[in-house]
Number of protein chains: 2
Amino acid sequence: MTISATANSDGRRLRGDSSRRAVMAVAVDLASVDGLDGLSIGALATRTGMSKGGVVALFGSKEHLQLATIDAAIEVFHEHVLVPALSEKGGLARLRVLTDSWLRYSQSRVFSGGCFFAAVSAELGSRPGTVRDAIATAMTDWQAFVRRTVERALERGELAADTDPDQLSFEITSLLDGANDLSLLLGSDEPYARARTAIDRLLMAR
Amino acid sequence: MTISATANSDGRRLRGDSSRRAVMAVAVDLASVDGLDGLSIGALATRTGMSKGGVVALFGSKEHLQLATIDAAIEVFHEHVLVPALSEKGGLARLRVLTDSWLRYSQSRVFSGGCFFAAVSAELGSRPGTVRDAIATAMTDWQAFVRRTVERALERGELAADTDPDQLSFEITSLLDGANDLSLLLGSDEPYARARTAIDRLLMAR
DNA sequence: CCTACCGATCGGTAGG
DNA sequence: CCTACCGATCGGTAGG
């Protein structure tokens with residue numbers, strides 16, 4: 001992506017890419033609050049100082065805009081949650097960094113509406129379409145990453161041998177999402193402490 | 001409500017109330033899929049065979065329609081989840097009926113979009129306004145009901161004496177919501193079995 | 001409860 | 001990337 005962007009010598013593709021990035025930064029934040037359906041081309045244009053036609057020219061259609069927004073959110077999520085975990089080489093230690101990073105990512109409101117994927121998966125979870133499929137894939141990938149991280153700790157003997165990776169990863173992601181949702185609704189940080197307590201117990205008393 | 005509805009002898013209020021109920025039944029189901037913002041007056045009119053003006057006449061404004069829809073969803077929730085639990089007089093037994101009823105309520109798709117409150121609280125959780133406040137109140141009430149049910153089992157010595165009711169009720173509702181959300185996204189019933197397993201362990205191994 | 005209508009905003013196109 | 005425009009739909013009002 002960076003290569004093709006810099007390959008063009010007249011600077012047009014380069015400018016297009018930087019516009020895209022600027023618009024995407026606003027789009028992911030708007031969508032975390034108003035949803036991917038609530039993300040309107042006109043509102044996005046106003047917020048970025050562009051014309052509506054300009055936004056359409058960049059993305060082609062609302063559906064393409066929605067898919068691009070999901071991709072941009074995945075990048076942010078990777079940076080804030082997966083990268084810190086992957087830099088920890090231990091087994092159980094990596095799992096702890098992973099859940100800590102997720103809670104920090106949600107609690108610090110990297111996106112105004114809390115976790116982007118919690119917001120849009122609840123919005124589109126029960127509707128058909130390409131956009132919903134893209135979200136489902138992202139969520140499946142995330143769930144699989146947590147499970148593999150659990151398995152890694154398990155292989156190193158740092159979790160009880162009878163641990164079911166699918167079961168434990170379901171419980172962990174439920175507690176993370178529960179903290180995110182409740183915190184947004186109550187405007188309180190307390191749910192994050194509850195999630196930490198619960199996850200600590202899950203990873204310790206086994 | 002029933003009294004004032006039957007008090008009018010010319011039948012107009014009576015008819016108005018029955019129209020309201022018919023519209024509400026469609027509204028709660030639509031909103032569970034498309035959200036309370038996605039619930040449009042025009043679409044609701046088409047789906048109920050009424051004119052748009054007729055729907056407006058019944059509810060006054062979109063905000064009033066949204067608030068009425070929340071009230072109607074609360075009634076359905078009470079009937080499917082709270083009533084079965086309250087008919088069980090035991091402590092821990094009531095808590096088990098409560099979580100079982102919730103999982104059945106979500107899994108059987110009483111609402112097409114799964115749990116109504118999971119859908120709309122994620123939609124409006126990070127936005128200000130009267131409608132969001134009504135949802136927050138409903139969710140606080142539900143959380144408090146779970147906590148009181150936990151306390152009841154605790155008073156009867158059916159849970160470990162060092163149990164923190166706030167902590168345990170947070171973990172239970174997170175697992176319930178996690179099952180609802182993941183089931184909708186994956187189109188699978190497996191998350192419900194995972195939630196049952198996790199809650200069984202929480203209520204047993206103490 | 002209806003029809004008829006209002007201004008605003010939606011996603012998208014044409015042409016440059 | 002822009003302006004100018006399209007038909008459709010939005011929430012809501014008027015008048016009955």
Side-chain angles (χ1 to χ4, degrees), chain A residues 4-5 8-27 30-31 33-70 120 123-124 127 129-132, chain B residues 4-5 8-27 30-31 33-70 120 123-124 127 129-132:
Chain A
S4 73
N8 197 323
S9 57
D10 69 356
R12 252 190 311 179
R13 179 55 130 350
L14 203 60
R15 215 177 315 124
D17 275 13
S18 106
S19 281
R20 256 183 89 101
R21 260 190 300 274
V23 173
M24 282 331 313
V26 177
L30 272 181
V33 175
D34 296 327
L36 281 168
D37 248 59
L39 177 70
S40 85
I41 296 174
L44 187 55
T46 302
R47 284 282 228 100
T48 53
M50 283 180 67
S51 71
K52 220 179 68 174
V55 174
V56 174
L58 275 178
F59 299 97
S61 72
K62 173 144 185 184
E63 184 171 323
H64 287 134
L65 167 64
Q66 291 172 318
L67 293 171
T69 303
I70 293 172
V120 304
E123 179 196 13
L124 300 174
R127 278 189 271 174
T130 313
V131 179
R132 174 234 145 90
Chain B
S4 74
N8 197 323
S9 57
D10 71 355
R12 252 189 312 178
R13 181 52 135 339
L14 203 61
R15 215 177 315 126
D17 275 14
S18 104
S19 281
R20 257 183 90 99
R21 260 191 298 276
V23 173
M24 283 330 317
V26 176
L30 273 180
V33 175
D34 296 326
L36 281 167
D37 249 56
L39 177 69
S40 86
I41 296 175
L44 187 54
T46 302
R47 283 282 228 99
T48 53
M50 281 179 69
S51 71
K52 218 180 69 174
V55 173
V56 174
L58 275 178
F59 298 97
S61 72
K62 171 143 186 185
E63 185 171 321
H64 286 133
L65 167 65
Q66 292 173 317
L67 294 171
T69 302
I70 293 170
V120 303
E123 179 196 13
L124 300 174
R127 279 188 272 175
T130 315
V131 179
R132 175 235 144 90

Exercise for the section: Taking all heavy atoms of Arg20(B) and all of Leu58(B), pick out the closest pair and write down the distance. Expected result: NH1-O, 3.4 Å

Completion exercise
What one should report as the nearest heavy-atom pair of Ala31(B) and Leu36(B) is CB-CD2, 3.9 Å

Exercise for the section: Choose from dT13(D), dG11(D), dC2(C) the nucleotide whose nearest atom is closest to any side-chain atom of Val56(B). Expected result: dT13(D)

Completion exercise
Val131(B) and Glu63(B) have their tightest heavy-atom pair at CG2-CG, 4.0 Å

Practice task
Could you check how far CG of Leu36(A) sits from P of dG11(C), rounded to whole Å?
Solution key: 12 Å

Fill in the blank from the handout: Encoded 5' to 3' (Watson-Crick or G-U under 3.5 Å; [ ] crossing; | other strand), DNA chain C becomes ||||||||||||||||

Handout entry: Phe59(A) to His64(A) - nearest heavy-atom pair and separation
Key = O-CB, 3.0 Å

Problem - Closest-nucleotide ordering on DNA chain C, the 5'-leading residue of Gly60(A) and Ser40(A) - result: Ser40(A)

Handout entry: Pair of N/O donor and acceptor under 3.5 Å linking dG12(C) base with Lys52(A) side chain
Key = yes

Exercise for the section: Round to the nearest Å and state the distance from Leu67(A) atom CG to dG11(C) atom C1'. Expected result: 16 Å

Handout entry: Nearest heavy atoms of Lys62(A) and Leu39(A), plus distance in Å
Key = NZ-O, 3.0 Å

Problem - Nearest-Å distance for atom pair CG/C1', residues Leu65(A) and dC10(C) - result: 14 Å

Practice task
Round to the nearest Å and state the distance from Ile41(A) atom CD1 to dT13(C) atom P.
Solution key: 10 Å

Practice task
Among dT13(C), dG12(D), dC2(C), find the nucleotide with the atom closest to the side chain of Met50(B).
Solution key: dC2(C)

Fill in the blank from the handout: From CG of Leu44(A) across to C1' of dG11(C) the rounded distance in Å is 13 Å

Exercise for the section: Take atom CG of Asp37(A) and atom C1' of dG11(C), then tell me their distance rounded to the nearest Å. Expected result: 12 Å

Fill in the blank from the handout: Which of dG12(D), dG12(C), dC2(D) is nearest the side chain of Lys62(A)? It is dG12(C)

Fill in the blank from the handout: Nearest heavy-atom approach of Arg132(B) to Arg127(B) is CD-O, 2.9 Å

Handout entry: Whole angstrom value for the distance that separates C1' of dC10(D) from CG of Leu39(B)
Key = 13 Å

Exercise for the section: In whole angstrom, give the distance that lies between atom CG of Leu58(A) and atom P of dG12(C). Expected result: 14 Å

Practice task
Evaluate the criterion side chain to side chain contact (heavy atoms under 4.5 Å, CB included) for residue pair Val120(A) and Thr69(A); output intermediate values, then yes/no.
Solution key: CA-CA 11 Å; Val120(A) 304; Thr69(A) 303; over 6 Å; no

